[in-house]
Amino acid sequence: MDYKVILPDASEKYFDQPVTGLELAQSISSQFAKSAVGLRYTDSQEILDLRTQIPNETQTHIVTLKDESSREVIRHSAAHILAQAVQSLWPKTQVTIGPVIEDGFFYDFDSEHVFVPEDLPVIEKKMKEIIKKNFEITKKVLPRDEAIKLFKDMGETYKIELIEAIDESESVSVYSQDGWLDLCRGPHLQKTGQVKAFKLTSISGCYWRGDENNKALQRIYGTAFESKEALAEHLHLLEEAKKRDHRKLGKELNLFHFHPLSPGAPFFSPKGATVYRRLQNYIRDKYKKYNYDEVITPQIFDVDLYHQSGHYENYRENMYFTETESRSFSVKPMNCPGHCLWYGSDKRSYRDLPIRIADFGRLHRCERSGTMHGLTRVRSFCQDDAHIFCTQDQLMSEIGEFMTMLNEIYTELGMSDYKIYLSTRPEKRMGADETWDQSEQALESALKSLNLEYTVNEGDGAFYGPKLDIMFVDALKRPWQLGTLQCDFNLPKAFELEYVGMDNTNHRPVMLHRAVLGSLERFIGVYLEHTAGRLPLWLSPNAVKILPVSDRHIEFSQTIFKVLEEAKIDVSLDDRSEKLGYKIRQAQLEQIPYMMIVGDEEVGGTEVSVRHRSGATQKMIMKAFLELLDLEKSQRRLQSTLQLD
RNA sequence: GCCCAUAUGGCUCAGGGGUAGAGCACACCCUUGGUAAGGGUGAGGUCGUGAGUUCAAGUCUCACUAUGGGCUCCA
């Protein structure tokens, strides 16, 4: 059923086509109607777009500020205004594409002018002029030929390429403002003045169609909002997010650092190494629970190994090589080939399977310069890596077990907000389709039986098998892959791995590559950003710091220190001749979970004054405090009972 | 690898063609102070590396290296 929405004033023209669906008509009424008769166009600024269809929606849609997509519309138009501004400042510039992204937009240009940060204020000024003049933004639908001719006359070759890619059956729409026009499917604002607040944020290089073999373009990033307040809030959140950048925290908390003489290879200082080791041991506990066996395998292998595994052919540019006694070796970039050698070193029976072997071996991958990023993308790292060799029949239960383990670990770490991606068979792949069916199905049904939500990435799997990727975001919402689970039919074949079956003939095992934390390095980076540096007590290198009020309290403090030390608490004592407030400030900045204040009130007594890093303070008897610490440690509790807020 | 930017004491930063500044941290002294910075004194850098321009370069130019923001890549 179609509804004709009638507006009493001039804005009627935007409703010249019927609106489909009662619900939509009602929603229009509820948003705009002051009276029951027709619709009243009360606030013209509130209606952002009335004319176009949002992709994937079948009805004519009215976008208002109340819609979630309103920012998308504002940013899309802001991108057009950016392009118009750039072309008016540098007329020889060609426009390419300018989409909306999370939290903003960008536009890619092909320009002789090399954009520098100083250009941004100039461009912003021009954009403000365009916005201030409040030009009408109009849509025009053109036949393909006409559109191609139009852009050809304008010299916009990239646009022609884009039009040619549009399906013949689809119409081509063009949006224009102030005589400037751009190929676009919309939707857009009615007027440029509806961009109330925007900011250009950065410049970077990119490639046409994202392919590095294509022409290099220049990208300008920006963001736009419906109000100055919203923009200010966004910029404030960005500032806050930068404060929890793990690279900054790593320095402040003295956890790790880098040196130019070994780019991409972190130095973990004693505190950082403690966190690192504890995470490893935590994972080791889980290995015990989930029946994994840990092995230690060589760091360097003859290059022949990588010829056999196929890595030399496919991964050579990321590997480190070394030559000794005219023999070529490579530093291992992953554990799997070594684990295949280990598996093949003995005769295996079906009774042995599944075999789960874990390895904290150090890996080196020569990532291209320019791709490194703090701890989250490094050249030297260690995974909580393990490989499971099992029969086809065991595949399903192994996947289920792994996901259970993974979920348990992330829940305990307070990071259950992960996203799962299921990447399925790519075009270029090996193995029979039935095998792919089976393994994809195994992955998918395991996810379903565990009630886990996931997104399917069609065709994004490895050439040897489908995989699950566990993704998290950092403080600035950049996604990082941590855990992974991959089915592999390739390596067992390449290494001719076998087991003797019940039928006394040889069979090929399936190999699962899996990691929960991913790499310890990356995990620590992401985890620091998740916790803003406030690591839970069991991971804190220093759980308790004793702060004597004055020098005469040091002696008693030392007694307490010993008690805590004997209770296996990571304790330290600040015996400097400084004021209490000063010592507390230091301990706070170090994110030490608990401070113990020792002064006249405590000396000789059984009660201690405990301050949590949250600011909560409490007097409690020593025994109770020890129990509290014990509980927090053993339960790996994320929040202290003393944390009042 | 590509584009842009940055590179000054341990950290955070200012400065800027004539041989370096601040705060924090550090050392020493005074202060012995109850829940996020008490005061004083002092030590510490030749300004990422290399080359060039100049009478003179941290300061200008170029190359390199590293880092940052992106792109591409990421078994």
Side-chain angles (χ1 to χ4, degrees), chain A residues 101 106 108-109 114-120 201-221 242 245 247-248 251-252 254 257-264 306 309-311 314-315 317-319 333-337 363 365-374 376-379 383 385 461-465 467 469 476 478 480-481 484 486 488 490-491 513 515 518-519 522 547-554 576-590 595-602 609-613 615-619:
Chain A
I101 51 173
F106 66 75
D108 289 348
F109 301 99
V114 176
F115 294 110
V116 291
E118 289 72 43
D119 292 332
L120 294 183
T201 49
S202 66
I203 301 169
S204 85
C206 58
Y207 306 96
W208 170 235
R209 299 191 162 230
D211 186 336
E212 67 178 325
N213 299 313
N214 284 343
K215 172 127 194 189
L217 306 173
Q218 299 182 78
R219 176 172 297 178
I220 297 178
Y221 284 89
K242 277 182 188 160
D245 186 314
R247 293 165 296 192
K248 191 168 149 64
K251 245 182 231 173
E252 286 171 359
N254 198 9
H257 79 276
F258 291 88
H259 195 281
L261 289 180
S262 189
Y306 299 103
S309 70
H311 287 102
N314 294 302
Y315 200 64
E317 62 279 8
N318 283 345
M319 289 165 66
M334 61 268 305
N335 293 311
C336 9
L363 309 177
R365 298 183 184 175
C366 188
E367 301 289 353
R368 291 208 280 180
S369 62
T371 60
M372 265 95 73
H373 184 98
T376 47
R377 186 81 181 272
V378 290
R379 282 179 170 164
Q383 299 177 318
D385 197 12
F463 68 88
Y464 53 72
K467 57 176 184 164
D469 289 326
L476 289 175
R478 288 174 292 216
W480 294 101
Q481 179 200 318
T484 186
Q486 305 171 3
D488 186 356
N490 178 38
L491 280 183
H513 306 246
S519 84
R522 179 175 288 182
L547 312 179
V549 175
S550 79
D551 288 355
R552 69 172 178 280
H553 307 118
I554 290 179
R576 295 175 301 174
S577 296
E578 295 289 351
K579 289 180 79 167
L580 181 62
Y582 181 85
K583 294 183 186 177
I584 287 176
R585 182 179 156 78
Q586 298 271 308
Q588 285 287 154
L589 292 175
E590 288 176 66
M595 286 156 252
M596 282 180 77
I597 316 301
V598 177
D600 288 339
E601 294 168 26
E602 286 77 25
S609 173
V610 178
R611 181 195 158 102
H612 187 257
R613 63 186 164 197
T617 307
Q618 199 175 312
K619 289 245 184 190

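Lettering follows sequence order; numbering is per chain, from 1.
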Asker: Output the single nucleotide from B/G34, B/C71, B/A75 whose closest atom is nearest the side chain of A/E601.
Answerer: B/G34

Asker: If you only use heavy atoms from C-beta on, which nucleotide in B/G34, B/G38, B/U72 is closest to the side chain of A/Y207?
Answerer: B/U72

Asker: Applying a 4.0 Å non-hydrogen cut-off, can you work out what A/K251 is touching in the nucleic acid: base, sugar-phosphate, or nothing?
Answerer: sugar-phosphate

Asker: Mind calculating the distance between CD (A/Q586) and P (B/A25) to the nearest angstrom?
Answerer: 6 Å

Asker: Under a 3.5 Å cutoff, is there a donor and acceptor pairing between the side chains of A/N490 and A/D488?
Answerer: no

Asker: Decide, for B/G58, between syn and anti: a glycosidic angle within 90° of 0 counts as syn, anything else as anti.
Answerer: syn

Asker: Say we look at B/C60 and B/A22: how far apart would their P atoms be, to the nearest angstrom?
Answerer: 23 Å

Asker: Calculate the interatomic distance between A/F258 atom CZ and B/U65 atom P; express it in whole Å.
Answerer: 19 Å

Asker: Write down the distance between CD1 (A/I220) and P (B/G70), rounded to a whole number of angstrom.
Answerer: 16 Å

Asker: Can you tell me if A/R478 touches the phosphate of B/G70, counting only side-chain N or O atoms and a distance under 4.0 Å to OP1 or OP2?
Answerer: yes

Asker: Which part of the nucleic acid does A/G518 contact within heavy-atom distance under 4.0 Å: base, sugar-phosphate only, or nothing?
Answerer: nothing

Asker: Kindly point out which of B/G34, B/C74, B/U35 is positioned nearest to the side chain of A/R377?
Answerer: B/C74

Asker: Parallel, tilted or perpendicular: which one describes the rings of A/H373 and A/W480, with boundaries at 30° and 60°?
Answerer: tilted

Asker: Can you identify which nucleotide, out of B/A37, B/G33, B/A75, has its nearest atom closest to the A/Y315 side chain?
Answerer: B/A75

Asker: Can you tell me the base-pairing partner of B/U49? Count Watson-Crick or G-U wobble geometry only, both distances below 3.5 Å, and say none if there is no partner.
Answerer: B/A63

Asker: For A/P333, is there any backbone N or O sitting under 3.5 Å from a side-chain donor or acceptor partner on A/R365?
Answerer: yes

Asker: When we call it a touch if two heavy atoms are under 4.0 Å apart, what does A/V116 touch: a base, just sugar-phosphate, or nothing?
Answerer: sugar-phosphate

Asker: Base, sugar-phosphate alone, or nothing: which one does A/G615 contact when heavy atoms must sit under 4.0 Å apart?
Answerer: nothing

Asker: With distance as the sole criterion, do the side chain of A/S609 and the base of B/U35 form a donor-acceptor contact below 3.5 Å?
Answerer: yes

Asker: Is it true that the side chains of A/R522 and A/Q383 contain a donor and an acceptor less than 3.5 Å apart?
Answerer: no

Asker: Can you tell me, in whole Å, how much space there is between the C1' of B/U32 and that of B/G39?
Answerer: 14 Å

Asker: What nucleic acid atoms does A/N314 come within less than 4.0 Å of, heavy atoms only: base, sugar-phosphate, or nothing?
Answerer: base

Asker: So A/G264, base contact, sugar-phosphate only, or nothing? Heavy-atom distance under 4.0 Å.
Answerer: sugar-phosphate

Asker: Look at the side chain of A/R585 and the base of B/U35, then say whether one donor and one acceptor between them are separated by less than 3.5 Å.
Answerer: no

Asker: Between C1' on B/G69 and CG on A/D245, what's the gap in Å once rounded to a whole number?
Answerer: 12 Å

Asker: Any idea which of B/G69, B/A37, B/U35 is nearest the A/Y582 side chain?
Answerer: B/A37

Asker: Mind checking the C1' distance from B/U19 to B/G42? Whole angstroms is fine.
Answerer: 24 Å

Asker: Mind checking the C1' distance from B/C2 to B/C73? Whole angstroms is fine.
Answerer: 12 Å

Asker: Looking at the base of B/G34, is there any donor atom on it, or on the side chain of A/E602, that sits under 3.5 Å from an acceptor on the other one?
Answerer: yes

Asker: For the side chain of A/K579, counting heavy atoms from C-beta on, which of B/A36, B/G38, B/C71 is nearest?
Answerer: B/G38

Asker: Say you pick atom C1' in B/A27 and the same atom in B/A66; how far apart are they, in whole Å?
Answerer: 32 Å

Asker: Return no unless some side-chain N or O of A/H257 is found under 4.0 Å from OP1 or OP2 of B/C11.
Answerer: no

Asker: Base, sugar-phosphate, or nothing: which does A/R368 touch, judged by heavy atoms less than 4.0 Å apart?
Answerer: base

Asker: Base, sugar-phosphate or nothing for A/Y221? Non-hydrogen atoms, less than 4.0 Å.
Answerer: sugar-phosphate

Asker: Sticking with atom C1', work out how far B/A7 lies from B/C13, rounded to a whole angstrom.
Answerer: 13 Å

Asker: Specify the residue among A/S262 and A/H553 whose closest nucleotide of RNA chain B lies further upstream toward the 5′ end.
Answerer: A/H553

Asker: Are any of the side-chain nitrogens in A/R368 or A/E212 under 4.0 Å away from the carboxylate oxygens of its partner?
Answerer: yes

Asker: Quick one: label A/H373 by what it contacts on the DNA or RNA (base, sugar-phosphate, nothing), any heavy atom closer than 4.0 Å.
Answerer: sugar-phosphate

Asker: C1' atom, B/U53 versus B/G15: distance in rounded Å?
Answerer: 23 Å

Asker: How long is the span from the CG atom in A/L547 to the CG atom in A/L580, to the nearest 0.5 Å?
Answerer: 6.5 Å

Asker: Answer with base, sugar-phosphate or nothing: what part of the nucleic acid does A/Q588 contact at a heavy-atom distance below 4.0 Å?
Answerer: base

Asker: Could you state the CD-C1' distance from A/Q218 to B/G69, rounded to the nearest angstrom?
Answerer: 15 Å

Asker: Does the structure show a Watson-Crick or G-U wobble partner for B/A27, both distances under 3.5 Å? Name it, or say none.
Answerer: B/U41

Asker: If only side-chain N and O atoms count, and only distance matters, is there a donor-acceptor pair under 3.5 Å linking A/Y207 with A/R209?
Answerer: no

Asker: Which of these nucleotides, B/G38, B/C71, B/U67, is closest to any side-chain atom of A/E578?
Answerer: B/G38

Asker: Write down the distance separating the P atoms in B/A63 and B/A43, rounded off to the nearest Å.
Answerer: 41 Å

Asker: Which nucleotide in the set B/U32, B/C26, B/G69 lies at the smallest distance from any side-chain heavy atom of A/S202?
Answerer: B/G69

Asker: Grab the NZ-P distance between A/K248 and B/G68 for me, whole Å please.
Answerer: 14 Å

Asker: Please give the nucleotide sitting opposite B/G9 as a Watson-Crick or G-U wobble pair, both distances under 3.5 Å, or none.
Answerer: none

Asker: B/G68, OP1 or OP2 - any side-chain N/O from A/R247 closer than 4.0 Å?
Answerer: yes

Asker: So what does A/F106 touch, heavy atoms closer than 4.0 Å: a base, only the sugar-phosphate, or nothing?
Answerer: nothing

Asker: Take atom CG of A/L261 and atom C1' of B/U67, then tell me their distance rounded to the nearest Å.
Answerer: 14 Å

Asker: Does any N or O in the side chain of A/D119 come within less than 3.5 Å of the main-chain N or O of A/V116, such that one atom is a donor and the other an acceptor?
Answerer: yes

Asker: Salt bridge check: are A/E601 and A/K619 linked by an N-O gap of less than 4.0 Å?
Answerer: yes

Asker: Just the rounded figure in Å: distance from P of B/U35 to NE2 of A/H612.
Answerer: 19 Å

Asker: Does B/C26 have OP1 or OP2 under 4.0 Å away from a side-chain N or O of A/R576?
Answerer: yes

Asker: Answer with base, sugar-phosphate or nothing: what part of the nucleic acid does A/N318 contact at a heavy-atom distance below 4.0 Å?
Answerer: nothing

Asker: Just to be sure I understand the rule, does A/G599 reach a base, reach only the sugar-phosphate, or reach nothing, if contact means heavy atoms closer than 4.0 Å?
Answerer: base

Asker: A/G310 or A/S204: which one's nearest nucleotide on RNA chain B is closer to the 5' end?
Answerer: A/S204

Asker: Could you tell me the Watson-Crick or G-U partner of B/C71, where both distances fall under 3.5 Å? Say none if there is no partner.
Answerer: B/G1

Asker: What is the distance from atom CG of A/L363 to atom CZ of A/R379, rounded to the nearest 0.5 Å?
Answerer: 15.0 Å

Asker: For B/C71, does OP1 or OP2 lie under 4.0 Å from any side-chain N or O of A/R209?
Answerer: no

